[in-house]
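Reviewing the structure listed below.
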Amino acid sequence: MALKEISNIRFCSCHDSQYIKPKRMLFCENGKERSWDIIEAHDSVAILLYHQPKDSFVMVKQFRPAVYLKESTRKTPNLKVELGYTFELCAGITDKAGKSLKKIAQEEILEECGYEIPLENIHKITEFYSSVGFAGSKQTLFFATIDESCRQNQGGGIDDENIKIISFCFWNENRSL
């Protein structure tokens with residue numbers, strides 16, 4: 001799957017987003033009045049996928065506008081990546097009412113990577129807060145082992161997400177990271 005060309009980039013104000021809500025929190029800390037700008041955002045799931053026959057981890061590559069913005073303003077001359085593209089774990093926001101986190105993780109694996117994994121084969125590792133300085137969203141991390149018998153489609157996301165599936169082998173000849 002070829003990545004799409006990103007062009008005609010421009011910026012505008014963000015009003016009435018279904019994903020984020022900017023707010024300013026006012027509070028007293030040790031008797032001193034303070035304020036903090038925050039973003040109310042969805043929690044998320046992420047899945048570490050191990051492809052056993054290939055002895056590799058499956059990740060996704062996709063364009064992230066926020067990364068593009070930051071990297072384009074940094075003017076890093078030796079940056080050897082496609083501007084705005086990231087390598088990430090398969091992941092998604094938890095905005096599907098009535099579904100368990102494990103079920104959302106299962107759906108994300110199928111949508112992004114094309115593998116159908118039974119719920120009992122998806123294991124919770126931990127949960128933690130991310131973007132703690134401005135969002136405080138919680139991410140729940142899962143693990144699943146896959147092979148080609150689980151493949152249902154080519155993945156790539158939904159709604160024109162433009163996701164590319166990448167396999168990474170992190171081992172050296174001594175089987176250490």
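The ring pair (Phe, Tyr, Trp, His ring centres under 6.0 Å) search around Phe63 returns Tyr68, Tyr85, not counting sequence neighbours.
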Would Tyr115 and Glu148 count as a side chain to side chain contact (heavy atoms under 4.5 Å, CB included) if you check the C-alpha gap in whole Å, the side-chain angles of each, and the deciding distance to 0.1 Å?
-> CA-CA 8 Å; Tyr115 295 95; Glu148 289 309 299; 2.8 Å; yes
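Here the options are Thr145, Asp55, Asp147, the test is side chain to side chain donor-acceptor pair (under 3.5 Å), and the partner is Tyr50; only Asp55 passes.
Looking only at distances, a side-chain donor or acceptor of Arg151 sits under 3.5 Å from a matching main-chain atom of Cys113. A donor-acceptor pair under 3.5 Å is absent between the side-chain atoms of Arg64 and the main chain of Gln62, judged by distance alone. Proximity of a side-chain donor or acceptor of His42 to a complementary backbone N or O of Gly92 within less than 3.5 Å is not detected. Under the 3.5 Å distance criterion, the side-chain polar atoms of Ser100 are matched with a main-chain donor or acceptor of Lys103. Without hydrogens or angle criteria, Glu112 side chain to Gly155 main chain gives no donor-acceptor distance under 3.5 Å.
Counting heavy atoms from C-beta on, the side chains of Thr140 and Asp43 never come closer than 4.5 Å. The shortest side-chain heavy-atom distance between Leu89 and Leu141 falls under the 4.5 Å cut-off. Looking only at side-chain heavy atoms (C-beta outward), Leu69 and Phe11 come within less than 4.5 Å of each other. Using a 4.5 Å cut-off on side-chain heavy atoms (C-beta onward), Cys150 and Glu116 make no contact. In this structure, Ile104 and Ile93 have side chains that are not in contact, with every pair of non-hydrogen atoms separated by 4.5 Å or more. Inter-residue side-chain proximity for Leu48 and Phe57 is flagged as met; some heavy-atom pair is nearer than 4.5 Å.
Trp36 and Ile39 fall into different hydrophobic clusters, where Ile, Leu, Val, Met, Phe, Trp and Tyr are joined by side-chain heavy atoms under 4.5 Å apart, directly or via other members. Hydrophobic clustering (ILVMFWY, side-chain heavy atoms < 4.5 Å, transitive): Leu110 and Ile163 are in distinct clusters. Cluster annotation: Ile9 is connected to Leu83 through the hydrophobic network of ILVMFWY side chains, with a link wherever side-chain heavy atoms come within less than 4.5 Å. Criterion: ILVMFWY side-chain heavy atoms under 4.5 Å apart, direct or through other members. Under it, Ile38 and Ile20 are not part of a common hydrophobic cluster.
Minimum interatomic distance between Ser35 and Leu26 (heavy atoms only, all atoms of both residues): CB-CD2, 3.4 Å. Considering all non-hydrogen atoms of both residues, Ala91 and Glu108 come closest at O-OE1, 3.1 Å. Heavy-atom minimum distance, Ile165 versus Gln154: CD1-O, 3.8 Å.
In this structure, Ile158 stands alone, with no Ile, Leu, Val, Met, Phe, Trp or Tyr side-chain heavy atom under 4.5 Å from its own, directly or through other members. Through direct or indirect side-chain contacts shorter than 4.5 Å among Ile, Leu, Val, Met, Phe, Trp and Tyr, Tyr129 is connected to Val132.
Remark: His51 NE2 to Ile146 CD1 distance equals 5.0 Å, nearest 0.5 Å. Rounding to the nearest 0.5 Å places CZ of Phe142 at 7.5 Å from CD1 of Ile47.
Look at Glu29 and Lys32 and you find no salt bridge, because none of the NZ, NE, NH1 or NH2 atoms lies under 4.0 Å from a carboxylate O.
Other residues, nucleotides and ligands place more than 12 heavy atoms under 6.0 Å from the NZ atom of Lys96.
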